[in-house]
Amino acid sequence: MLTRLLRWLLFIGVFFGPYAHVFYQKLHLIRIVAPLTILFLLVSKTRLNKLQAYSATFFIFYYLYTSSISLFRIEQVELSSFLNFSILLCVIISVIGISSKENGKFLRDLNAFLSIYLIASFSLAVYEHITLKHLPLSASYLVTTIWDGYYHAPSGFFTNQNDFALVFVMATMFKLSYLKKGKKNHLINWLLIIMCLWITHVTGSRLNLMGFIIFLAFYFRFWELKKLLLIGISSIIIISFFSYIFVNSSFSLKGHSTNTRINLYYQALLSIPESYGVGYGIDLSKNFYQDRPSNAGISNFINPHSYIFELLINSGILTFIVYLSLYALILRKAIVFKTRLDIFIQLILYNLLLFSSSSSLFLWPHYFFFVVYINYEFLKPKDD
């Protein structure tokens with residue numbers, strides 16, 4: 001009973017973020033629940049599978065290493081960033097631990113919660129789209145003008161529309177795959193698909209829309225219709241993705257270069273020799289680009305717009321390599337389990353979709369899905 005209560009409190013705290021608070025606005029629910037969950041896990045018998053153990057070890061190393069590096073730049077690291085980074089570790093460890101207790105029930109409860117979350121988020125998005133009114137923490141909350149509808153795109157319970165679309169897509173993919181493991185319900189599936197396509201459209205989040213379409217291709221097994229169709233779709237997907245990343249920047253406003261993303265990622269790679277490969281410290285990727293050469297055309301941008309490059313700038317080449325190695329290990333385990341293709345493609349899309357957010361460091365929900373992807377119960381195939 002206590003395990004299930006903690007699960008649901010973690011769900012609410014992670015997905016509703018600062019809107020789920022206790023007593024007063026700045027005391028977020030997750031800041032209380034995560035440490036309490038860790039205490040519960042310490043006093044109870046908690047066994048992790050190998051992927052969960054490796055992942056927990058990585059995030060502890062990631063926290064300790066990056067915090068240590070930050071001590072050498074203490075005048076640049078904000079106290080709030082350090083506190084959030086500490087809470088982030090608590091959240092990740094607590095979710096890994098609680099998911100290891102009754103794996104099947106964890107997935108079942110997550111599926112039930114996401115039904116509530118998706119309905120609430122979609123309803124809020126419709127309200128935002130119609131009224132042009134937003135929640136207080138939205139970047140569009142105080143906007144009084146409209147520019148091509150961009151500044152009034154729905155942002156749900158998040159600060160900006162790309163974060164909202166990213167989490168909505170990941171949640172929808174999980175639910176579709178989870179429902180496919182059990183009794184088929186075509187009506188619910190199609191409602192989820194329509195809702196997700198609409199969200200990615202009105203938010204203007206093209207990478208998330210593209211990623212969701214890729215997922216649907218594997219979900220519906222389009223290749224079983226015609227091999228030619230598969231080749232055609234695959235070619236379009238590959239060309240479109242690289243066009244998006246390297247040519248049509250989703251955040252290229254008037255007068256900005258269409259090669260913005262190339263510059264962002266190239267400058268991120270330059271952080272390796274400039275920081276001697278050790279990284280800069282907690283969340284210093286946020287202001288990394290402000291000191292870049294003016295001819296790069298990115299000095300007015302904040303954040304790398306990519307989780308893996310954010311990791312590289314903040315935590316250095318060692319953490320970057322260890323993370324990619326862990327990610328490769330997860331993919332290998334999925335291959336060993338002969339994981340269904342619609343689930344395996346989610347593992348592939350995970351880091352690709354994180355290119356859509358300005359910063360994913362403190363975007364709590366995406367770590368939740370990372371934990372789902374290291375859950376053996378989710379990876380192991382079942383009859384469709």
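One distance of note links CZ of Phe59 with CG of Leu64; it measures 13.5 Å at 0.5 Å rounding. Annotation: the span from Leu353 atom CG to Leu209 atom CG amounts to 11.0 Å, rounded to 0.5 Å. Taken to the nearest 0.5 Å, the CG atom of Asn84 stands 8.5 Å off from the CG atom of Leu361. A distance of 11.0 Å separates OH of Tyr265 from CG of Leu269, quoted to the nearest 0.5 Å. Arg47 contributes atom CZ, which lies 13.0 Å from atom CD of Gln52 (distance to the nearest 0.5 angstrom).
Without hydrogens or angle criteria, Ser99 side chain to Ile96 main chain gives a donor-acceptor distance under 3.5 Å. Counting only distance, with no hydrogens or angles, the side chain of Lys175 and the backbone of Asn111 share a donor-acceptor pair below 3.5 Å. Side chain of Ser100 to main chain of Gly97: a donor-acceptor pair is present (N/O by atom type, distance under 3.5 Å, no hydrogens or angles). Counting only distance, with no hydrogens or angles, the side chain of Lys380 and the backbone of Asn375 share no donor-acceptor pair below 3.5 Å. In this structure a side-chain-to-backbone donor-acceptor pair under 3.5 Å is present from Ser94 to Val91. No donor-acceptor pair under 3.5 Å is formed between the side chain of Ser356 and the backbone N or O of Leu207. Using a distance-only test at 3.5 Å, with no hydrogens or angles considered, no donor-acceptor pair links the side chain of Ser138 to the main chain of His134. Panel note: side chain Asn162, backbone Phe355; no donor-acceptor pair is recorded below 3.5 Å. Within the 3.5 Å criterion, the main-chain N or O of Ser359 finds no donor-acceptor partner in the side chain of Glu310. Tyr289 contributes a side-chain N or O that, together with a main-chain N or O of Leu264, makes up a donor-acceptor pair within less than 3.5 Å.
Screening residues 105-115 for salt bridge (Lys or Arg N to Asp or Glu O under 4.0 Å) gives Arg4-Asp109, Arg7-Asp109, Glu102-Lys105 as the qualifying pairs, with residues at least two apart or on separate chains.
The aromatic rings of Phe58 and Tyr323 sit tilted relative to each other, their planes meeting at an angle between 30° and 60°. Using a 30° and 60° split on the angle between ring planes, Phe215 and Phe212 fall in the parallel class, below 30°. Ring pair Phe368/Phe15 is tilted by interplanar angle, where 30° to 60° counts as tilted. Ring geometry for Phe157 against Tyr117 counts as tilted: the plane angle lies between 30° and 60°, on a 0 to 90° scale. Aromatic ring orientation, Tyr307 versus His366: perpendicular (interplanar angle above 60°, classes split at 30° and 60°). The aromatic rings of Phe85 and Phe362 lie perpendicular to each other, with more than 60° between the two planes, well past the 30° mark. Between Phe16 and Phe113, the ring planes lie perpendicular to each other; the angle is over 60°, past the 30° to 60° tilted range.
Leu107 and Leu5 fall within the same hydrophobic cluster, defined by Ile, Leu, Val, Met, Phe, Trp and Tyr side-chain heavy atoms under 4.5 Å apart, directly or through other members. In this structure, Ile60 is a member of the same hydrophobic cluster as Leu42, with clusters built from ILVMFWY side-chain heavy atoms closer than 4.5 Å.
Between Tyr65 and Thr319, the closest heavy-atom pair is CD2-OG1, 3.5 Å. The minimum heavy-atom distance between Tyr219 and Ser177, with the atom names listed, is CE1-N, 4.3 Å. Nearest approach of Gly13 to Leu29, heavy atoms of both residues: N-CD2, 4.1 Å. Thr339 approaches Leu379 most closely through the heavy-atom pair OG1-O, 2.8 Å.
Under the 6.0 Å cut-off for aromatic ring centres, Phe218 and Phe344 do not qualify, their centroids lying 6.0 Å or more apart. Taking the ring centroids of His28 and Trp364, they lie at or beyond the 6.0 Å cut-off.
Checking each of Ile313, Ile69, Thr66, Asn314 against Leu284 for a side-chain contact (heavy atoms from CB on, under 4.5 Å) leaves exactly one that passes, namely Asn314.
Residues Lys101 and Thr46 are in side-chain contact: their nearest non-hydrogen atoms beyond the backbone lie under 4.5 Å apart.
Counting non-hydrogen atoms of neighbouring residues, nucleotides and ligands closer than 6.0 angstrom, the OH atom of Tyr376 exceeds 12 such neighbours.
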Please tabulate, for side-chain N and O atoms in residues 324-336, each donor-acceptor pair with protein atoms closer than 3.5 Å (sequence neighbours left out).
residue : atom : partner : partner atom : Å
Ser325  : OG   : Ile321  : O            : 2.8
Tyr327  : OH   : Leu347  : O            : 2.4
Tyr327  : OH   : Ile348  : O            : 3.2

